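Report on the following structure.
One-based numbering along the sequence shown. Keep in mind that this is a model prediction, so the values were computed, not measured.
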Amino acid sequence: MKGPEEFSCRVIEQDALAPDYYLLKLEAPELARNSSPGQFAMLRCSEGYDPFLRRPLAIHQVDRNKGQVLFLYQVRGKGTKWLSMRCQHDKLSLLGPLGRGFSFSAAGGRAMIVGAGVGVAPLLFLASELRAQGWDLVILMGARNKSGILRPDAFRECGDLIIATEDGSCGEQGTILDLLSRELAKSSFDKLFACGPLSVLKGVQTMSREKGIAAELSLDERMACGVGACVGCVCQGHDGSYLRVCKEGPVFSAEEVVLGE
């Protein structure tokens, strides 16, 4: 696979999915061709140097035939606010693909995908690839309320979708970990994949160990360079080492990492 490159990409369209949540579609044929599920890109989010640092965004969806890449993101500050104001035909600079993505067998199997809030961002690309290779999928989506359930119809095309919101405004009332515990008790799985808040990842890590199921976790950390040079996004490995989320991750085996408080 080719290493990361810098691209100037044209905005095809951008949609507001819910307050502060956006879906950005770019014309980026080389990135589409060379990306794998779980990888990310660093997008420049200014016309000058304020903010100076690029913003890391998970690759949400890829159409290799059309040469298009989609990013699902949440506005969290000045940079992503600027990004949310980009319109059709605008040009954006990005560096990618970056990081280590998910791993899975081409032989197929049965998998559970767990995504909470904007943590679903890297999981649709994964679900699409797994489905294309014959995997049987159960997809769990969770959020505090209905506005945090993002692109459920797209996920529903890839497998059996179960939704939970803490206030009961969409799907079942409860947490995504409630769903996970119930589904693991009902059926067997070959692998778990997850992305979301730390509390969710810790829950997936614990339950995967208890059930003896291999799991991969996509971590969300602040990043400065995105290529492993600044060592600003480290997490602790089980062997006592420090792992760079942008380089050794963002996807890790549940057995590789110690998740903090």
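With Thr165 contributing its side chain and Cys170 its backbone, the two residues share a donor-acceptor pair below 3.5 Å. For Glu255 (side chain) and His238 (main-chain N/O), no donor-acceptor pair under 3.5 Å exists by modelled atom type. Remark: side-chain polar atoms of Gln39 are paired, donor with acceptor, to backbone N or O of Gly99 under 3.5 angstrom. Using modelled atom types, one side-chain atom of Gln205 and one backbone atom of Val257 make a donor-acceptor pair closer than 3.5 Å.
Under the rule for a side-chain hydrogen bond (donor to acceptor under 3.5 Å, both in side chains), the partners of Lys78 that lie at least two apart in sequence or sit in another chain are Asp50. In terms of the side-chain hydrogen bond (donor to acceptor under 3.5 Å, both in side chains) criterion, Asp63 has no residue partners (sequence neighbours excluded). Residues passing the side-chain contact (heavy atoms from CB on, under 4.5 Å) test with Val75, sequence neighbours excluded: Asp20, Tyr22, Tyr73, Thr80, Lys81, Ser84. Among residues two or more places apart in sequence or in another chain, the salt bridge (Lys or Arg N to Asp or Glu O under 4.0 Å) test is passed with Arg182 by Glu172. When the salt bridge (Lys or Arg N to Asp or Glu O under 4.0 Å) test is applied to Arg86, the partners found at least two apart in sequence or on another chain are Glu47. Residues passing the salt bridge (Lys or Arg N to Asp or Glu O under 4.0 Å) test with Glu157, sequence neighbours excluded: none. Among residues two or more places apart in sequence or in another chain, the salt bridge (Lys or Arg N to Asp or Glu O under 4.0 Å) test is passed with Arg76 by Asp220.
The CG atom of Leu24 sits 8.0 Å away from atom CG of Leu57, with the distance rounded to the nearest 0.5 Å. Note that CG of Leu94 is 4.0 Å distant from SG of Cys9, once rounded to the nearest 0.5 Å. The structure places CG of Leu201 at 9.5 Å from CG of Leu177, a figure rounded to the nearest 0.5 Å.
In the model, Ser103 has a side-chain atom that pairs as donor or acceptor with a side-chain atom of Glu216 under 3.5 Å.
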Cut-off 3.5 Å, no hydrogens considered: what does the side-chain donor-acceptor table look like for residues 106-118, sequence neighbours left out?
residue : atom : partner : partner atom : Å
Arg110  : NE   : Ser187  : OG           : 3.2
Arg110  : NE   : Ser188  : O            : 3.1
Arg110  : NH1  : Asp136  : OD2          : 2.6
Arg110  : NH2  : Ser187  : OG           : 3.2

Please list, one pair per line, the donor and acceptor atoms closer than 3.5 Å that link side chains of residues 228-235 to other protein atoms, with sequence neighbours excluded.
none

*Can you check side chain to side chain contact (heavy atoms under 4.5 Å, CB included) on Val251 and Leu217, steps first, answer last?*
CA-CA 5 Å; Val251 177; Leu217 314 174; over 6 Å; no
*Could you go through the side chain to side chain contact (heavy atoms under 4.5 Å, CB included) check for Leu130 and Phe102 one step at a time?*
CA-CA 10 Å; Leu130 288 172; Phe102 294 102; over 6 Å; no
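Within a 6.0 Å sphere centred on CZ of Arg10, other residues, nucleotides and ligands contribute more than 12 heavy atoms.
The stretch residues 125-182 participates, sequence neighbours left out, in no ring pair (Phe, Tyr, Trp, His ring centres under 6.0 Å) pair at all. Among residues at least two apart or in separate chains, salt bridge (charged side-chain N to carboxylate O under 4.0 Å, His left out) pairs with a member in residues 94-103 are Arg100-Glu256. Applying the salt bridge (charged side-chain N to carboxylate O under 4.0 Å, His left out) test to every pair with at least one member in residues 126-135, sequence neighbours left out, gives these pairs: Arg64-Glu129.
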